[in-house]
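Below is one structure, written out as structure tokens; comments come after it.
In what follows, every chain begins at residue 1, and chains take the letters A, B, ... in the order their sequences are listed. All heavy atoms count here, side chains included; hydrogens, waters and symmetry mates do not.
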Number of protein chains: 2
Amino acid sequence: MQEVIQLRKAAQTSVSQVSLLDKLRKLVLSGEYPPGAPLPELFLAEEFDVSRTPVREALKQLENEGLVEIRPKVGTFVRIPTRREIVELFQLKESLEGLAASLLARRGPVPEMDILKRNIEESERAERNADSVKYAELVHEFHWTIVRGSDNSKLVEHYGRLMNQLAYHRIVLKTVERPARMRASIREHQSVIDALLEKDPVGAELAMRGHVNASSLAAARGTDAGAPTDA
Amino acid sequence: MQEVIQLRKAAQTSVSQVSLLDKLRKLVLSGEYPPGAPLPELFLAEEFDVSRTPVREALKQLENEGLVEIRPKVGTFVRIPTRREIVELFQLKESLEGLAASLLARRGPVPEMDILKRNIEESERAERNADSVKYAELVHEFHWTIVRGSDNSKLVEHYGRLMNQLAYHRIVLKTVERPARMRASIREHQSVIDALLEKDPVGAELAMRGHVNASSLAAARGTDAGAPTDA
DNA sequence: CGTAGGGTTGATGCATGCAAGAAGTCATCC
DNA sequence: GGATGACTTCTTGCATGCATCAACCCTACG
């Protein structure tokens with residue numbers, strides 16, 4: 001009984017429609033199962049009242065997504081991310097979102113543009129109200145709208161994988177969006193929209209990349225010191 | 001016995017070290033199991049002399065990689081790619097390789113640079129000898145060297161997924177590299193290297209993207225007409 | 001006291017059995 | 001003749017049992 005990290009029973013919701021994979025992913029992303037925690041198949045099987053087989057399949061998938069690590073014949077553990085990875089992921093994010101903005105700019109008038117305009121308005125409102133939760137949601141929506149608006153399903157697919165990993169790192173590294181950055185961020189969003197409206201792919205890409213880069217630097221500074229150590 | 005597509009028994013190599021997943025992936029990528037072909041678990045299990053369980057896991061993984069499609073309670077089939085996907089994948093390729101070149105340019109003198117220089121020399125030789133097989137290998141190596149040289153493991157990871165899907169489309173769409181493009185391609189490689197040597201991230205990225213774009217356009221033209229129809 | 005070695009434990013890896021469901025077939029009815 | 005319906009078959013989805021192997025502990029020895 002020398003367990004390093006104790007897992008408490010998660011709230012037992014019925015396995016119903018939502019897949020086991022989604023539930024496991026959420027538990028890892030939410031930090032309910034913290035980095036380094038063991039995830040024995042039998043434990044999870046009892047937890048979700050299924051057999052080991054579907055649990056195994058879900059864990060394999062999560063390994064594939066980079067959220068857990070399966071050590072053969074030893075066990076499955078929630079992955080411990082490194083600081084280096086977050087830098088790498090932000091570099092990828094910049095590149096992919098830049099591509100998305102560029103593609104969206106070429107598409108002419110699409111419904112996404114209206115969504116983005118409304119997003120800006122709501123973001124300004126959230127900023128005035130210092131509602132950082134609402135603001136974070138809007139930022140999330142802004143970026144996803146542009147990526148989906150790229151009309152490139154493979155890009156959306158890869159971006160989704162990327163964001164899963166980043167969301168995980170966000171939780172783990174306890175990244176905090178500083179209120180001070182909100183206004184700057186909104187201005188950057190606006191300049192992205194401006195370029196999109198002008199159907200300027202190059203400008204849109206540059207604006208988007210600049211924005212992602214700025215916010216990633218801010219995120220790096222916002223990382224608290226208690227984060228896991230690098231390798 | 002009304003099977004739409006007949007699978008012939010693949011050469012039975014022992015399951016030894018190399019994993020089942022790799023073997024299955026290769027069989028799909030090589031076109032041994034053509035698009036649309038059913039992949040019943042039991043068939044594959046007997047084929048590789050294992051039980052359904054490991055086959056299932058491998059198939060799930062391949063679905064994740066976008067190579068097969070699992071229709072619940074119906075069966076697993078080799079995915080039928082669309083022309084649209086190949087365009088999307090090339091857009092991603094351009095973006096990721098551009099990022100890689102940019103990152104590599106910032107790294108100063110690294111062993112990758114020598115590999116690239118030698119690659120150019122060998123490419124020219126292959127071009128003179130009209131050795132298109134050797135040439136294709138060298139192109140492959142050139143691009144991978146740059147991506148690996150980016151020193152961004154997450155980029156390498158995503159690029160690998162991307163190239164798997166592209167390799168698949170290459171096979172299926174029977175893309176042919178035209179000899180006429182070899183010389184142009186080498187020049188483009190050279191300009192990428194030039195920018196890398198000057199530690200010019202922006203120039204390297206632009207050169208790389210221009211190159212990928214040019215070769216993807218050539219590939220699109222090189223697609224033969226017998227390819228699968230779009231959705 | 002430190003270290004090497006064997007045994008125990010607990011986890012995964014795989015095989016197999018059973019049940020559930022989708023697709024196609026065939027017979028029947030209108 | 002065409003359409004509808006149940007049935008048959010083939011497939012996956014899941015549960016469970018057994019074998020295997022890594023890590024740990026505890027003992028015995030130098």
| remark: Letter by letter from the 5' end, nucleotides 11-17 of chain D scores (B base, S sugar-phosphate only, - none; protein heavy atoms under 4.0 Å) SBBSBBB

| task | With sequence neighbours excluded, tell me which residues meet salt bridge (Lys or Arg N to Asp or Glu O under 4.0 Å) with A:K26. | result | none

| remark: For A:H211, the ring pair (Phe, Tyr, Trp, His ring centres under 6.0 Å) test, sequence neighbours excluded, returns A:H143, A:H189

| Quick one: salt bridge (Lys or Arg N to Asp or Glu O under 4.0 Å) partners of B:D131, sequence neighbours excluded? | none

| field | salt bridge (Lys or Arg N to Asp or Glu O under 4.0 Å): pairs with one or both residues in residues 139-153 of chain B, sequence neighbours excluded | value | A:R84-B:D151

| remark: Here the side chain to side chain donor-acceptor pair (under 3.5 Å) pairs for residues 66-76 of chain B, sequence neighbours left out, are none

| field | Pairing residues for A:E63 by the salt bridge (Lys or Arg N to Asp or Glu O under 4.0 Å) criterion, not counting sequence neighbours | value | none

| said: In this structure, how many angstroms lie between the C1' atom of C:dG10 and the CZ atom of A:F43, rounded? | reply: 15 Å

| field | Angle between terminal axes - the helix from C:dC1-D:dG30 to C:dC30-D:dG1, 5 pairs each end, rounded to 10° | value | 10°

| request: Not counting sequence neighbours, which residues clear salt bridge (Lys or Arg N to Asp or Glu O under 4.0 Å) with B:R56? List them please. | output: A:E57, B:E41

Give every pair of a protein N or O atom and an N or O atom of nucleotides 5-7 of chain D that lie under 3.5 Å apart, one pair per line with the distance.
none

| Residues in side-chain hydrogen bond (donor to acceptor under 3.5 Å, both in side chains) with A:R118, at least two apart? | none

| request: Please check if any side-chain donor atom of B:S185 sits under 3.5 Å from a side-chain acceptor atom of B:Y135, or the reverse. | output: yes

| request: Report the residues that fulfil side-chain hydrogen bond (donor to acceptor under 3.5 Å, both in side chains) with A:S153, sequence neighbours left out, ordered by chain and then residue number. | output: B:E88

